[in-house]
Each structure stands twice: as structure tokens, then as C-alpha cells.
Amino acid sequence: MTESTDFSSFDPTTWTARGFDSEIGLSYDAATTDGVSARFTITDKLLQPFGIVHGGVYCAVIESVASMSGQVWLNANVSAQGHVVGVNNSTDFLRAVTTGEMVAQSKPIHRGRRQQLWEVDIADENGKLIAQGRVRLQNITEG
């Protein structure tokens with residue numbers, strides 16, 4: 001059995017990216033119970049063989065931002081020791097991009113006792129929508 005972690009004082013804006021978030025260069029700018037803002041810069045390692053951003057990068061950013069959003073909301077409203085896990089990710093790729101700074105912004109669609117649904121938009125530095133996704137999260141709470 002794993003130990004519970006107390007996320008009550010968790011601040012995503014001071015979070016040092018780990019794992020895959022670190023690999024894609026994702027950093028969090030702001031976090032409230034109503035949404036999270038994050039950013040990343042397109043580098044060569046994020047491109048697929050044809051020179052545009054790999055769709056999996058957008059899926060991963062959307063999953064990370066939605067999960068962080070759900071975590072912040074869950075800890076403030078349901079359980080300080082709880083956590084969230086993604087159970088579905090549906091991402092649409094709207095524009096091909098080769099370079100630039102991307103900003104991801106989440107907004108809640110549904111926040112309930114057992115599940116949450118978050119929508120995340122990824123836009124370029126000019127505000128053009130590049131990708132959009134929805135992630136359904138399962139709330140995992142003790143007892």
C-alpha cells in the first residue's frame with residue numbers, strides 16, 4: 001500500500017517539472033481551483049519526422065495541465081490527501097506548428113465527487129488556437 005500525500009499546501013507554480021513534463025519543457029504560470037496556465041517552447045526534440053510538432057506532445061501537455069487543474073481543485077474542495085488520475089484524453093490538432101512559444105489554459109467542464117472533466121486549449125504566442133482537448137479524471141480519495 002502507498003502512503004498518502006498531503007497536497008493541501010501544494011503550489012503548481014513552484015513545481016519543478018519531472019519526468020515527461022521536464023522532457024517537453026512544461027512550466028506552470030498560474031494555478032487556481034478554476035484553471036491552470038502553463039507554457040512550453042517548441043524545440044527540435046518535440047518535432048515529428050516531417051518537421052511539425054508531434055501530436056503526442058499536445059496530448060501530454062493537455063493531460064498534464066488537466067491533471068494539475070483537477071489536483072488543485074480536489075485538494076481545495078474534496079480531500080487534501082486525494083489525487084487524480086486520467087481516464088480519458090481526447091485531443092484535436094487544429095494547426096501545424098514548427099516553432100514558437102505555446103500556452104496551455106484549462107477550464108472546468110464538470111467537477112464532481114468522483115470525476116472531473118477539464119478542457120485545455122493550447123495557443124501560440126499570437127493567441128491562435130493550435131490544439132484543444134478534454135480530459136476526464138477520476139478522483140481517488142481515502143475512505
Side-chain angles (χ1 to χ4, degrees), residues 1-7 9-141:
M1 182 161 184
T2 60
E3 286 184 36
S4 293
T5 302
D6 183 351
F7 288 101
S9 61
F10 178 67
D11 179 2
T13 61
T14 63
W15 177 261
T16 301
R18 302 180 222 179
F20 197 64
D21 283 358
S22 176
E23 285 298 312
I24 59 179
L26 189 62
S27 63
Y28 296 93
D29 297 329
T32 71
T33 56
D34 291 322
V36 167
S37 176
R39 67 183 58 250
F40 64 104
T41 301
I42 303 305
T43 62
D44 287 346
K45 70 180 180 180
L46 302 182
L47 304 179
Q48 45 102 307
F50 303 104
I52 61 174
V53 176
H54 191 287
V57 172
Y58 297 130
C59 291
V61 168
I62 286 168
E63 178 102 13
S64 290
V65 170
S67 294
M68 193 66 75
S69 304
Q71 186 70 49
V72 170
W73 181 84
L74 181 75
N75 294 153
N77 293 284
V78 178
S79 170
Q81 286 76 37
H83 62 279
V84 298
V85 294
V87 294
N88 188 54
N89 180 335
S90 176
T91 299
D92 293 306
F93 316 120
L94 306 172
R95 284 188 169 80
V97 173
T98 58
T99 62
E101 176 93 3
M102 301 293 123
V103 176
Q105 178 67 51
S106 66
K107 69 178 180 181
I109 304 299
H110 169 77
R111 295 175 290 189
R113 190 169 40 92
R114 295 195 177 160
Q115 290 192 343
Q116 302 178 52
L117 181 63
W118 288 84
E119 184 171 86
V120 179
D121 290 344
I122 298 176
D124 66 13
E125 60 267 11
N126 298 315
K128 287 188 177 180
L129 190 60
I130 303 302
Q132 183 178 68
R134 286 188 175 195
V135 175
R136 188 165 45 98
L137 302 168
Q138 182 74 36
N139 297 332
I140 308 296
T141 58

Original post:
Atom CG in Asp121, atom CD in Gln132: separation rounded to 0.5 Å?
Top reply: 4.5 Å
**OP:** Return the set of residues passing salt bridge (charged side-chain N to carboxylate O under 4.0 Å, His left out) with Arg113 (not counting sequence neighbours), or none when no residue passes.
**Re:** none
**OP:** Can you see which heavy atom on Phe20 is nearest to which on Ala60, and at what distance?
**Re:** CE2-CB, 3.3 Å
Original post:
For Ser106 and Ser69, does a side-chain donor sit closer than 3.5 Å to a side-chain acceptor?
Top reply: yes
Original post:
How close do Thr33 and Ala76 get, heavy atom to heavy atom, and via which atoms?
Top reply: CG2-CB, 3.5 Å
Original post:
Can you pull the side-chain hydrogen bond (donor to acceptor under 3.5 Å, both in side chains) pairs that have at least one residue in residues 55-65, sequence neighbours excluded?
Top reply: Asp21-Ser64, Glu63-Asn89
**OP:** For the residue pair Leu47 and Val53, establish whether any side-chain heavy-atom pair is separated by less than 4.5 Å.
**Re:** yes
Subject >> Shortest non-hydrogen contact from Leu137 toward Trp118 >> reply: CD1-CD1, 3.7 Å
Original post:
Do Val78 and Thr141 come within less than 4.5 Å of each other through their side chains, counting heavy atoms only?
Top reply: yes
Original post:
Once you round to the nearest 0.5 Å, how far does CG of Asn77 lie from CD of Gln116?
Top reply: 9.0 Å
**OP:** Report the residues that fulfil salt bridge (charged side-chain N to carboxylate O under 4.0 Å, His left out) with Lys107, sequence neighbours left out, ordered by chain and then residue number.
**Re:** Glu119
**OP:** For residues Arg39 and Met102, determine if any side-chain heavy atom of one lies less than 4.5 Å from a side-chain heavy atom of the other.
**Re:** no
Original post:
Atom CD in Gln81, atom CG in Leu74: separation rounded to 0.5 Å?
Top reply: 10.0 Å
Subject >> Closest heavy-atom pair and its distance - Ser37, Gln105 >> reply: CB-OE1, 3.2 Å
Subject >> Nearest non-hydrogen partners of Val65 and Ala38, listed with the distance >> reply: CG2-CB, 3.9 Å
Subject >> Close side-chain approach of Ile62 to Val135, heavy-atom, < 4.5 Å >> reply: yes
Original post:
Which pair of heavy atoms, one from Ala31 and one from Val36, lies closest together, and at what distance?
Top reply: CB-CG2, 4.0 Å
Original post:
Which pairs count as side-chain hydrogen bond (donor to acceptor under 3.5 Å, both in side chains) when at least one residue sits in residues 40-49, sequence neighbours excluded?
Top reply: Thr41-Glu101
**OP:** With rounding to the nearest 0.5 Å, note down the distance linking CD1 in Ile24 to NE2 in His54.
**Re:** 12.5 Å
Subject >> Residues that Asp34 engages under salt bridge (charged side-chain N to carboxylate O under 4.0 Å, His left out), provided they are two or more places apart >> reply: Arg111
Subject >> Straight-line distance of Leu46 CG to Thr99 OG1, nearest 0.5 Å >> reply: 12.0 Å
Subject >> Residue list, side-chain hydrogen bond (donor to acceptor under 3.5 Å, both in side chains) with Trp73, at least two apart or on another chain >> reply: none
Original post:
Taking atom CG of Asp92 and atom CD1 of Ile130, what is their separation to the nearest 0.5 Å?
Top reply: 13.5 Å
**OP:** Report yes or no: does Asp124 contribute a side-chain atom to a donor-acceptor pair with the main-chain N or O of Asn126 at less than 3.5 Å?
**Re:** yes
